[in-house]
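Note sheet for the following structure.
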Amino acid sequence: MTAPIRTDPAVVDVALGSRSYDIVIGRGVIASLGARIAGLRPGARTFVVTDDTVARYALAEAEAALSAAGVATHRAVVPAGEPSKSFAILEQVCEAVIAARIERGDLVVALGGGVIGDLAGFAAAVVRRGLDYVQVPTTLLAQVDSSVGGKTAIDSAHGKNLIGAFHQPILVVADTALLDTLPEREFRAGYAEVAKYGLLGDAGFFAWLEANWRDIFAGGTAREHAVAVCCRAKAAIVQRDERETGDRALLNLGHTFGHALEAAWGFSNRLLHGEAIAVGMALALEFSARRQGLVPPAEAARAVRHLAEVGLPTRIKDIPGEAPTVDQMMDLIAQDKKVRRGMLTFILVRNLGSAFVETGVEAREVRDFLSEKLAER
Ligand SMILES: NC(=O)c1ccc[n+]([C@@H]2O[C@H](COP(=O)([O-])OP(=O)(O)OC[C@H]3O[C@@H](n4cnc5c(N)ncnc54)[C@H](O)[C@@H]3O)[C@@H](O)[C@H]2O)c1
Ligand SMILES: [Zn+2]
């Protein structure tokens, strides 16, 4: 199938009162970046933060779009990868923003995946006590998840995302054509988060994904539709619970098991975040299916089948390298989650498309389940 060069953008509104913003989604929408910024903040100057891989594919296009609208630009290019979510790189970015005389009223532009969105968003949150910023997500994960909702952070020696701030962008421009250059493995990992939205809240969308996933990967119109549905779902959840005191936790479906697996594999390239989440969701589904009145086993199996069909790992034994012991997994889960009197909180699935927060999961039950799963190797 040949993909269209450009289509009408879809616009999703994130309604957060004075912190409301639009997410503009479509092939080629990056060309409108400058005009949109000039419309929102006439006369504002911009500071683009990107990584050295994204710079090769998308920086020229972004800067051309800004200049065409008469928007002045500066830039910082940081090394690609998670290690850039550090104090050292944050300092470099903040100092460069200040050196470029970016003032209140000017804008930071995060051009990249979740790493750049988190880093540039946090820099924007702290320089001059808060600058506005625009997200231009260039990975599938960033387009459907990290660029929306205002969570920004860098990593601590104690764990990921421990130093950060809630800081909403003023605009998100998600050009689905930028995903054409994303390595297939990165795209697939991002797809795990797409499937997550179906599993947690939208059975119809999940069924649509089962039928249309190939066109999403191929860059057809299904891709934009999928990104728009996910952004709408995330916007709805963030509108209900901006600071994650309740419902926003549903977005963590598969993430308790997933984070423990990521940590066990040392946050390395052997297991990408989305891959860990695919295994984590499969585990959460299977764990749910064993409980009375929750997702029927055949439905859980159907969901896992879809994840496997797109090429995602779904079992711990699918992950290359040595698996952790059950004690190590339980320690990692306890670090990620508060354990209260031996009880853990998990996102469980009642039916495909209906997840809920269960605060009363016995640690012993999780341990028995994981012992069994780890023995499958
Ligand atoms: N703030 C949030 O709500 C939130 C939510 C989920 C994840 N995150 C964070 O997001 C990060 C992961 O994001 P990610 O998966 O996008 O990783 P990433 O930003 O590291 O991008 C993955 C790789 O793809 C490359 N890349 C990006 N765009 C490309 C393109 N268009 N073409 C070719 N290569 C491209 C990058 O250079 C990088 O090497 C993690 O740090 C995670 O903590 C944040
Ligand atoms: Zn995730």
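Just so you know, ligand 1 is whichever comes first in the structure, and atom 1 is the first atom listed for that ligand.
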Just to be sure I read this right, does ligand 1 sit under 4.0 Å from the backbone of Leu141, its side chain, both, or neither, counting only heavy atoms? side chain
CZ-CD distance between Arg305 and Glu210, expressed to the nearest 0.5 angstrom: 8.0 Å
Look only at the side chain of Asp145 and the backbone of Leu141, and say whether a donor-acceptor pair between them is shorter than 3.5 Å. no
Nearest heavy atom to atom 28 (N) of ligand 1: which of Thr50, Ile116, Thr138 does it belong to? Thr138
Looking at ligand 1, would Leu179 count as a contact under a 4.0 Å heavy-atom criterion? no
Heavy atom of the protein closest to atom 10 (O) of ligand 1 (residue, atom name, distance): Gly114 CA, 3.2 Å
Report yes or no: does Lys160 have a heavy atom closer than 4.0 Å to ligand 1? yes
Mind checking whether Thr139 has an N or O less than 3.5 Å away from an N or O of ligand 1? yes
Do Phe257 and Phe346 make the cut of ring centroids closer than 6.0 angstrom? yes
Going by distance only, is there an N or O of Lys151 that falls short of 3.5 Å from an N or O of ligand 1? yes
Backbone, side chain, both or neither: what part of Glu193 comes under 4.0 angstrom of ligand 1, heavy atoms only? neither
For Lys85, is at least one N or O under 3.5 Å away from an N or O on ligand 1? yes
Return the option from Val115, Asp180, Asn161 holding the heavy atom at the smallest distance from atom 18 (P) of ligand 1. Val115
Give me the residue, atom name and distance of the protein heavy atom closest to atom 9 (C) of ligand 1. Asp118 OD2, 3.4 Å
Please report which non-hydrogen protein atom sits nearest to atom 5 (C) of ligand 1, along with the residue it belongs to and the distance in Å to one decimal place. Ser146 CB, 3.4 Å
Tyr57 to ligand 1: N or O pair under 3.5 Å? no
Regarding atom 34 (N) of ligand 1: of the candidates Asp51, Ile277, Val148, Thr53, which has the closest heavy atom? Thr53
With heavy-atom distances below 4.5 Å as the criterion, would you say the side chains of Val115 and Asp51 are in contact? no
Of the protein N/O/S atoms, how many lie under 2.8 Å from the Zn ion (ligand 2): 3
Show the numbers, then the answer: is there a side-chain hydrogen bond (donor to acceptor under 3.5 Å, both in side chains) between His259 and Gln335? CA-CA 10 Å; His259 283 155; Gln335 276 167 35; over 6 Å; no
Does ligand 1 have any atom that is closer than 4.0 Å to a heavy atom of Lys234? yes
Around atom CZ of Arg75, are there more than 12 heavy atoms of other residues, nucleotides or ligands at under 6.0 Å? no
Fit a plane to each ring of Phe205 and His225, take the angle between them on a 0 to 90° scale, and name the class: parallel (under 30°), tilted (30 to 60°) or perpendicular (over 60°). perpendicular
Give the contacting part of Leu272 toward ligand 1: side chain, backbone, both or neither, where contact means a heavy-atom distance below 4.0 Å. neither
